[in-house]
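Everything below concerns the one structure shown next.
Numbering of ligands and ligand atoms starts at 1, following listing order.
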Amino acid sequence: MATDRSELVSYEFRKLRAHVLAESDVCLVCGHGAADAVDHIQPVSKGGHRLDPDNLAPIHGNAGCPVCLRKCNAEKGDRPLSEVVQLRTSVDWFAGP
Ligand SMILES: [Zn+2]
Ligand SMILES: [Zn+2]
């Protein structure tokens, strides 16, 4: 069969990515603009919806963030966003006076 399902899915994904980035380019990890990729808020491997726009948010991809230079997508990895944000929040909290 010539039906390539992964091709179809990646086309859908590219459309969704463009849609998400058109709405906002504020990175979900570091909070700076100019995000050039999107990532799943709840990872697909953890039951998140791959093609649900509500499960996608802008993130800095391979080029990293031009402001803080973090590689947000690599940093987030396969963890749910809630975990990453909790991590950052607790770090901020412990760094306080
Ligand atoms: Zn970022
Ligand atoms: Zn940043």
Q) Is Arg17 close to Leu56 at the side-chain level, that is, under 4.5 Å between some pair of heavy atoms? A) no

**Item:** Side chain to side chain, His60 and Glu75, heavy atoms closer than 4.5 Å
**Value:** no

Any protein N, O or S atom under 2.8 Å from the Zn ion (ligand 1)? Found Cys27 SG, Cys30 SG, His60 ND1, Cys72 SG

Taken in chain and number order and not counting sequence neighbours, the residues that satisfy salt bridge (charged side-chain N to carboxylate O under 4.0 Å, His left out) with Asp54 are none

Lys71 meets the salt bridge (charged side-chain N to carboxylate O under 4.0 Å, His left out) criterion, sequence neighbours left out, with none

Rounded to the nearest 0.5 angstrom, the CG-CD1 distance for Leu81 and Ile41 is 6.0 Å

Residues 64-83 vs ring-ring contact (aromatic ring centres under 6.0 Å, His included), sequence neighbours excluded, gives none

